[in-house]
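We name chains A, B, ... by the order of the sequence lines, and we start the count at 1 in each one. What you see is a predicted model, and the numbers here were worked out from it, not measured in a lab.
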2 protein chains.
Amino acid sequence: MRRIERRDTDAALSLHSKVFEQLKNDILVGKYKQGESLNELKLSDEMGVSRTPIREAFRQLEREDLVTYTPNIGVVVRGFSAEDILDIYQVRLLIEGMTARRAAENITTELLNEMEETLELEKFYTLKGDAQQISMLDSRFHEAIYNASQSRMLIKTLKTMHHYVKHIRNISLSNPERAKNTYEEHKAIYEAILNRDRELAEILTEQHIRNASEYIEKHPLLSKTVD
Amino acid sequence: MRRIERRDTDAALSLHSKVFEQLKNDILVGKYKQGESLNELKLSDEMGVSRTPIREAFRQLEREDLVTYTPNIGVVVRGFSAEDILDIYQVRLLIEGMTARRAAENITTELLNEMEETLELEKFYTLKGDAQQISMLDSRFHEAIYNASQSRMLIKTLKTMHHYVKHIRNISLSNPERAKNTYEEHKAIYEAILNRDRELAEILTEQHIRNASEYIEKHPLLSKTVD
DNA sequence: ATTTTTATCATTGTATACAATAATACAAAC
DNA sequence: GTTTGTATTATTGTATACAATGATAAAAAT
């Protein structure tokens with residue numbers, strides 16, 4: 001039983017936001033399995049909060065497509081399948097290239113610095129072999145590109161998919177060779193964006209996604225259903 | 001033990017769902033303008049419900065990117081700009097073609113019938129010149145393709161964008177010539193999917209989006225900020 | 001034994017009460 | 001006049017109470 005507590009560091013966040021993050025994570029790591037229905041009273045008891053923030057989190061999970069909701073019955077977990085993962089990479093392949101192109105056009109110096117710093121840290125932890133940190137930095141790198149694209153729809157779409165991607169990445173980046181390749185590919189993309197080379201940024205990004213996708217397809221843990 | 005089935009005719013929507021639909025619509029038609037903050041108590045008073053369903057609707061609007069939320073302060077309307085509209089059509093151009101391709105591969109007879117019926121009605125109302133109905137049927141046509149694609153991410157992404165698109169369509173389809181062209185283009189796409197011609201379905205859909213986009217760009221009402 | 005009905009319980013839906021935080025107005029200090 | 005501090009008010013955040021609906025089990029009817 002995990003209780004949600006207010007600490008000084010996250011005092012700004014409201015309970016319903018924390019409940020949302022918690023439930024999202026729990027679903028993604030498989031604590032709640034596909035088809036399982038979530039009970040408001042039980043959850044509020046476990047988390048030490050009332051039903052109100054639980055319900056508000058449910059409405060968010062519903063919009064993020066992580067649960068399905070039926071009036072007077074409640075929410076059941078959707079989880080995601082191997083097909084969903086392939087789906088995500090197909091869609092990413094389609095739109096992340098364009099996002100990188102837009103980033104090359106519109107990126108601010110602030111975000112360029114953010115990317116540079118992220119890359120340096122990524123290099124450091126890749127040498128060190130810290131998969132957890134690498135995965136986190138990978139996310140930061142990609143999100144910087146999303147934000148740089150200046151496209152509201154691309155940002156929203158990619159960020160929504162991203163919480164699925166993060167989960168997958170945790171597995172694929174535990175392979176040191178894939179981690180090293182990822183760093184090299186990121187570096188090349190960064191330089192293309194730095195040089196405002198739209199065409200190259202797009203091509204390299206597409207290749208990067210394709211590589212990640214191919215790695216996943218042949219990975220035994222990920223080619224099977226993940227719920 | 002008798003199995004109890006839930007018919008979809010007895011919609012019995014919960015209040016928070018209705019509040020969500022209402023607020024979404026109000027934002028899209030411009031009742032609440034960009035930057036305007038939404039007051040829970042005021043809204044619950046106006047709508048004759050308590051704050052609870054209002055807040056739950058807020059959490060949904062937040063996830064749909066229609067408002068921005070700040071803890072302890074509340075939500076403010078995001079609205080959408082001319083750039084956002086161009087954004088939407090650029091992203092649609094990128095992914096609806098692929099969606100149609102997938103639909104051609106995976107569509108069920110049930111959805112084919114749905115498309116056919118939609119098209120017939122569209123023809124009827126186009127001749128009649130009922131812009132309201134045409135717009136609704138246009139949405140139905142595209143959503144049938146989304147659903148046929150069997151891709152969870154494509155469905156989610158496109159449907160999320162779709163509520164913006166619907167609003168734009170209401171304006172562009174009031175032009176009888178554009179309405180007629182739209183019908184012809186839909187019919188061609190339908191036949192490509194019916195014949196399981198992936199390539200053609202993709203190409204025609206891309207062209208269809210491109211046409212719609214071009215019409216919008218030169219439309220005086222839509223080339224300016226719409227909030 | 002099976003089905004139907006009825007009663008009971010569990011769970012969700014909504015309203016309201018209270019707590020915590022932010023916004024505002026006003027007064028005091030400089 | 002501007003700024004700072006403080007009291008007041010408005011608004012959001014959460015918990016709880018009650019209502020409505022669905023699920024379940026027992027009883028009655030066939």
Side-chain angles (χ1 to χ4, degrees), chain A residues 1-24 26-27 32-33 35-63 66-78, chain B residues 1-24 26-27 32-33 35-63 66-78:
Chain A
M1 187 187 296
R2 190 169 5 184
R3 282 192 145 247
I4 291 181
E5 283 174 5
R6 276 187 190 283
R7 285 178 312 179
D8 291 349
T9 45
D10 51 32
L13 275 167
S14 46
L15 281 187
H16 71 256
S17 303
K18 282 191 275 187
V19 170
F20 170 73
E21 293 295 333
Q22 181 69 61
L23 289 176
K24 186 177 88 178
D26 286 350
I27 291 171
Y32 302 118
K33 308 219 186 314
E36 189 173 346
S37 70
L38 299 179
N39 184 302
E40 293 176 7
L41 210 61
K42 196 171 154 226
L43 282 175
S44 68
D45 207 45
E46 283 174 10
M47 294 187 170
V49 299
S50 78
R51 279 175 56 218
T52 310
I54 301 279
R55 282 180 61 87
E56 293 188 11
F58 276 10
R59 297 293 90 79
Q60 297 190 302
L61 292 170
E62 188 192 343
R63 288 288 146 194
L66 286 162
V67 301
T68 56
Y69 164 74
T70 315
N72 294 314
I73 290 176
V75 300
V76 303
V77 176
R78 283 205 65 179
Chain B
M1 196 182 288
R2 205 176 104 232
R3 171 178 273 160
I4 297 161
E5 283 187 344
R6 197 184 172 76
R7 289 165 305 171
D8 50 12
T9 44
D10 57 303
L13 275 169
S14 47
L15 280 187
H16 71 255
S17 302
K18 281 190 270 188
V19 170
F20 170 74
E21 292 296 333
Q22 180 71 58
L23 289 175
K24 186 177 88 179
D26 287 349
I27 290 170
Y32 302 117
K33 307 217 187 315
E36 189 173 346
S37 68
L38 300 179
N39 184 302
E40 293 175 7
L41 210 62
K42 196 170 154 225
L43 282 175
S44 67
D45 208 46
E46 283 173 12
M47 293 187 169
V49 299
S50 78
R51 280 173 55 218
T52 310
I54 302 279
R55 283 180 61 87
E56 293 188 10
F58 277 10
R59 297 293 91 79
Q60 297 191 302
L61 291 170
E62 188 193 343
R63 287 288 146 194
L66 286 163
V67 301
T68 56
Y69 164 72
T70 315
N72 294 314
I73 290 175
V75 300
V76 304
V77 177
R78 282 205 65 179

- Message: side-chain contact (heavy atoms from CB on, under 4.5 Å) for L43(A) and L23(A)? Distances and angles first, verdict last.
- Response: CA-CA 10 Å; L43(A) 282 175; L23(A) 289 176; 4.1 Å; yes
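- Summarising the geometry, the separation between CG on L43(A) and P on dT14(D) is reported as 16 Å, rounded to the nearest angstrom.
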- Could you give me the CA-CA distance, side-chain angles and deciding distance for T68(B) and E62(B), then say whether side-chain contact (heavy atoms from CB on, under 4.5 Å) is met? CA-CA 6 Å; T68(B) 56; E62(B) 188 193 343; over 6 Å; no
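- Under the 6.0 Å distance and 45° angle rule, R63(A) does not count as a cation-pi partner of Y69(A).
- Taking every heavy atom of residues 53-61 of chain B and every atom of DNA chain C, pairs under 4.0 Å involve P53(B), by number.
- Sorted by first then second residue, the side-chain hydrogen bond (donor to acceptor under 3.5 Å, both in side chains) pairs that include residues 35-44 of chain A, not counting sequence neighbours, are E40(A)-R51(A), E40(A)-R55(A).
- Using a 4.0 Å cut-off, no side-chain N or O of T52(A) falls inside it from OP1 or OP2 of dT14(D).
- Proximity note for R51(B) (side chain, C-beta onward) versus dA15(C), dA17(C), dT12(C): the nearest is dA17(C).
- Contacts of L15(B) classified as side-chain contact (heavy atoms from CB on, under 4.5 Å), with partners at least two apart in sequence or in another chain: K18(B), V49(B), P53(B).
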- Item | Sugar-phosphate or base contact per nucleotide [nucleotides 6-11 of chain C; S, B, -; heavy atom under 4.0 Å] | -----S
- Item | Full working for side chain to side chain donor-acceptor pair (under 3.5 Å) between Q60(A) and Q60(B) | CA-CA 6 Å; Q60(A) 297 190 302; Q60(B) 297 191 302; over 6 Å; no
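- At dT14(C), one or more side-chain N or O atoms of H16(B) fall inside 4.0 Å of OP1 or OP2 (strictly under the cut-off).
- Computed from coordinates, the M47(B) CE to dA15(C) P distance equals 13 Å when rounded to whole Å.
- Under the side-chain contact (heavy atoms from CB on, under 4.5 Å) criterion, E21(B) pairs with K24(B), not counting sequence neighbours.
- In this view, D45(B) satisfies the salt bridge (charged side-chain N to carboxylate O under 4.0 Å, His left out) rule with no residue, not counting sequence neighbours.
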